[in-house]
Amino acid sequence: MKLGMERAAFFGRLRTLSLSKCRVNFSHKFHLLDIFLSHLKVNLLPMSEWLLTDLHVHTTFSDGTIPAEEVARIYGEAGFDVIAITDHLFDTQSPRSLELYEEGKSIRDLGAYFHKIEEVSRWAKESYGLLVIPGLEICNLLEDYHILGIDLKEPVNPNQNAEGVIEEIHHQGGLAIASHPHLKLSYFMQGDNVSIQRHPLHLWKHRKRYAEKIDAWEIGNGEDLFAIISLERLPFVANSDFHERRHLTSWKSLVLAEREKESIKEAILKRKLSLFFFNENGSAEKLSQVEIASEEKGSPEQTEGKGEKILIVDDEPDLVGMLAYNLRKKEYKVLTAYNGFGAWGKIESEKPDLLILDLMMPDLDGWELCRMIRRNDREEIRGMGILMLTARAMPEDRVYGLEIGADDYLTKPFSLNELTLRVEKLAEKKKVIRRLKEETESLHSSIHEKESSLKKVVHDLKNPLLSIGVSAKRMLRRNQNEEELQILENIYDSSVRLTRWIDDTLVSSHSRQKIKEGMREVEIKPMVQQVINLLKEAGRDKNIEIHFEVPPPTPLVYCQEQLLLRAMQNLLSNALKFTPRGGKIDVAVTPYSGLKDGGIVEISIKDTGIGIGEDEIERIFEPFYRGKNASMEDGIGLGLSFVKEVVDLHGGKILVQSEPQKGTTFSILLPIGKKFKL
Ligand code: ADP
């Protein structure tokens, strides 16, 4: 190894250099990470030396804070051998790029740029022996790439795809280097969501395609190290991405080459280089080490945390890593999967509360997975929250996603803040739904308990009430005393009203199942007759004639007899109640098509009473609704709601026709025979 005189002081800081053991110890100024010396045995040429290089340096020509001459002075004084000035040249097609031009973050005058580098290069060589190579960082925000062109004679067109840029660089004899190809952990540590979102990933996503074209990939950029690049066996180089003075402390490359451009480029292509962390100040800052260590060894999956369990499903590991990192910071338990089948396995075994689901996956796609979840017979799977995440931006995709059961939908590229916010909202929504479900369940069971004790109370109440009524009726027949007759009548009326109220209130607790159990075929004529007989006396009291007509043969109705009797009784007693003295009531049973095995039977009760206002007809079946016409009559507004419920339970229909001051007709329509099912 040949060391130049002016480099003596710099390398004098090396304490030991032991090539035989493949290990180099540097002074406090260097933290040696790794060294790759396999090529050394065959490639140690007499003129080659270990050159300290940085091939990614910005100046005030783009978004660097230091002018080119000053940059060269800093590097020269720090003992560097080679730098490449690589200011940004953005495309002029994306709105964001145009903004960057406005902000002065892209070179405007390329002629002046190349001229200045040439000038600085001459001066730096004379002053420090520093080789300054002209280059560019060509950035296209539509295509999502940043490519370093090293050793360029002229500009490269940034308004083209990455292949075109690489070709132009090669055409000029330059090196094409993938700039910070991987997502940087430092962004996460600094909570820099904007940079996470904007970080270009095109080259890395399609690294197979570019493996043959790109000359080297930045394995180190600033303070970030992308170990995965070495695992993929891609050729690499480490640079600082220098924008300001403090960036001198960062990853760098030692290149084994002659101090001359062609030799340096060749050495990089032949992987004759080593990387290390250059710490300008020499103080051993260890602030971030612990956190970095835990990030690197942990998979993005972490099931500890106080919040909901979230499964992130996406075939793009960088994105999964990024989301996992951010959601973990919010205390969620995070699970990850990279394809549909993997996701399904985790859904079944872990039953996450929420799913962040990418649509486009190689095996089972997001649509299918969503359908499988929503069709699942296990509530804890069926009910999980789904946030769809996709590059598809068509509105019909969004609608379709929501239709098949997604709770929310976000289109890539999305803002990390928006995603976190939506996840929080969805988690909150699911929590509320879960709580409501639990409350409903507990309400149901307490209602059930109350119903059974209510039934018991009612049963215990009804029997003595009925016997009071019957006794009062008996005494009425025997007693002649006017005053006592009045009292007995009151007792009788009250007992009838109370019994009726109890029945009306209770019927709502009849379940369909119980009704079904009590169903049988009943001849309709005797039933109607029974109701009329029951209320005939009340009719006589008001001088109201009840006329009953049924053409033979009388049809059979499949019904719960007691309930239907009570319903008809309610209609008839309403007709009596709302018909003035001397009025008339017509009761009719009319079968339509078929008598025993099918068709419909209409049971109608027509009165000549006060009628119901048109605006009220809709409401009279509501529980506790009493019409304006009812103020002079007793009642609590439950009779008709009971009738409707009974008719509904029998699969029938109730109709009403009314004209104020002329009369009202209620018709119950019921299916005939056994054919209908509840
Ligand atoms: P209630 O009879 O206790 O008031 P219902 O539920 O039986 O309650 O009836 C609800 C309302 O429908 C009554 O308040 C009344 O306004 C109206 N209504 C019911 N039947 C008749 C009828 N035959 N004629 C006139 N109005 C009626």
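This structure is a prediction, so every number in the text was calculated from the model and none was measured. When a ligand or atom number is given, it counts from 1 through the structure's own listing order.
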N570 contact mode with ligand 1 (heavy-atom cut-off under 4.0 Å):
neither

Mind checking whether E633 contacts ligand 1 via backbone (N, CA, C, O), side chain (CB onward), both or neither, at a 4.0 Å heavy-atom cut-off?
neither

shortest atom 19 (C) of ligand 1-to-protein heavy-atom contact is with N574 ND2, 3.5 Å

Atom 16 (O) of ligand 1: nearest protein contact (heavy atom, Å)
N629 OD1, 2.6 Å

May I ask you to identify the nearest protein heavy atom to atom 6 (O) of ligand 1, giving residue, atom name and distance to one decimal place in Å?
L640 N, 2.8 Å

Please list the nearest protein heavy atom to atom 8 (O) of ligand 1 with its residue and the distance rounded to 0.1 Å.
G637 CA, 3.1 Å

Should the proximity of F666 to ligand 1, defined as any heavy atom under 4.0 Å, be assigned to the side chain, the backbone, both, or neither?
side chain

At what distance is the nearest protein heavy atom to atom 21 (C) of ligand 1, and which residue and atom is it?
F578 CD1, 3.4 Å

Has ligand 1 got any nitrogen or oxygen that is less than 3.5 angstrom from a nitrogen or oxygen of G627?
yes

Can you tell me if G609 contacts ligand 1 (heavy atom of the residue under 4.0 Å from the ligand)?
no

Evaluate the side-chain proximity of L572 to V587: yes if any heavy-atom separation is below 4.5 Å, no if none is.
yes

Side chains of I468 and Y492: closer than 4.5 Å at any heavy-atom pair?
no

